[in-house]
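Below you'll find the structure, written out as structure tokens, and then a few comments.
Reminder, nothing fancy here: chain letters follow the sequence lines and each chain counts from 1.
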Amino acid sequence: AVSYNTLINAFLKEDNVEEAMKLYAEMVESGCKPSATTYCLFMNKYCKQGQIAKAQRLFEDIIDENLAFDAVTYNILIEGLCKAKLWDEASRLLEDMPKKGLTPDIVTYNAFICNLCEEKKVDQAMNLLEEVRSSGLIPDTVTYTALMEGLCKNGEVEEAVRLLEKMRQHGQDPSVVTYNTLLRGLLKTGKVVEAEKLFAEMVDGCYFPDARTYDIMMHGLANAGKSIETYKLLKELQLKKPMQE
RNA sequence: AACCUUAUCGCAAG
């Protein structure tokens with residue numbers, strides 16, 4: 001079953017739903033029972049396509065067929081519901097988890113926080129951060145990065161930079177994505193010097209800037225009229241060949 | 001035990 005799941009997942013990743021469905025059929029035919037994970041793969045795909053109704057149907061199937069589900073099962077649908085701005089539905093599922101013997105984890109909350117940030121509801125997201133803390137869960141790099149992104153989009157870049165300090169104080173290390181998010185926020189608001197400082201700090205900290213980092217930096221520097229710096233960066237890029245995605 | 005879920009992706013500035 002795991003092999004089938006792996007294959008189905010591969011097809012879904014490249015948007016080949018047809019082939020994935022075929023495999024699913026083959027799986028059933030060969031007497032291999034689809035697991036909750038199998039359903040989750042499709043559920044996630046439907047969520048990403050905005051086909052929430054279909055995703056919800058699959059979720060119910062999992063329950064009805066008494067398949068062994070876990071927090072991930074919930075997380076996938078919650079993420080989909082949040083993305084579709086169906087907050088009430090999502091909250092309902094969150095409250096449902098304990099009743100099913102499941103404990104919401106950081107990914108569960110991150111789904112809410114990330115999507116709240118995208119909706120420019122950073123305040124609510126920040127409130128959730130406190131809730132997460134008081135519930136005993138540890139906000140992770142994803143949590144902080146999402147909040148930084150939200151703050152930047154909200155024009156609160158300084159606040160985002162402050163969060164970087166806070167996350168460190170709480171023992172969480174930034175990732176390349178974290179830096180990229182902040183660099184982008186700084187450059188978009190013309191804070192070129194700060195961005196350059198942060199970039200240096202990133203490199204000092206033994207982080208490997210990826211293709212996106214260079215993209216962000218070069219655009220930002222070029223926009224600021226710093227063609228020399230942009231050129232230097234380009235040279236550096238050609239020499240170092242950053243990590244591919 | 002293994003396979004599945006969340007952040008830099010820009011749907012108002014591009």
Measuring from the side chain of [X] (C-beta onward, heavy atoms only), which nucleotide among [options] has the closest atom?
X: A:N9; options: B:rC4, B:rC9, B:rA7; answer: B:rC4
X: A:V2; options: B:rA2, B:rC4, B:rA7; answer: B:rA2
X: A:C114; options: B:rG10, B:rU6, B:rU5; answer: B:rU6
X: A:V107; options: B:rU6, B:rC4, B:rA7; answer: B:rU6
X: A:T6; options: B:rA13, B:rC4, B:rC3; answer: B:rC3
X: A:K188; options: B:rA13, B:rG10, B:rC3; answer: B:rA13
X: A:V177; options: B:rC4, B:rA7, B:rU6; answer: B:rA7
X: A:K120; options: B:rU8, B:rA7, B:rA12; answer: B:rA12

Handout entry: Within 6.0 Å of NE2 in A:H170, more than 12 heavy atoms from elsewhere
Key =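 Buried by this count: over 12 neighbours within 6.0 Å.
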Handout entry: Side-chain H-bond candidate by donor/acceptor type, A:D88 with A:S91, under 3.5 Å
Key =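 The answer is no; no qualifying pair exists.
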Problem - Phosphate OP1/OP2 of B:rU6 contacted by A:K48 side-chain N/O (<4.0 Å) - result: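 It does, given that an N or O in the side chain of A:K48 lies less than 4.0 Å from OP1 or OP2 of B:rU6.
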Handout entry: Contact under 4.0 Å: A:R184 side-chain N or O vs B:rG10 OP1/OP2
Key =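 For B:rG10, neither OP1 nor OP2 has a side-chain N or O of A:R184 closer than 4.0 Å.
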Practice task
Under 4.0 Å between any heavy atoms, over every strand shown, what does A:D70 touch: base, sugar-phosphate, or nothing? Just pick one.
Solution key: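 Base, at least one base heavy atom under 4.0 Å.
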Using the [atom1] atom as the reference point in each nucleotide, state the distance between [N] and [M] in Å, no decimals.
N: B:rC9; M: B:rG14; atom1: C1'; result: 14 Å
N: B:rC4; M: B:rU8; atom1: C1'; result: 23 Å
N: B:rA7; M: B:rC3; atom1: C1'; result: 23 Å

Problem - Heavy-atom donor-acceptor pair, A:S175 side-chain to B:rA7 base, under 3.5 Å - result: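 Yes, the side chain and the base share a sub-3.5 Å donor-acceptor pair.
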Handout entry: Lys/Arg-Asp/Glu bridge criterion (N-O < 4.0 Å) met for A:E149, A:K153
Key =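 Answer for the salt bridge query: yes.
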Handout entry: Minimal non-hydrogen separation, A:D105 against A:L137, with atom names
Key =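 It is C-CD1, 3.8 Å.
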Exercise for the section: Assess the pair A:Y74 and A:F59: is the distance between their ring centroids shorter than 6.0 Å? Expected result: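 Between A:Y74 and A:F59, the centre distance is under 6.0 Å.
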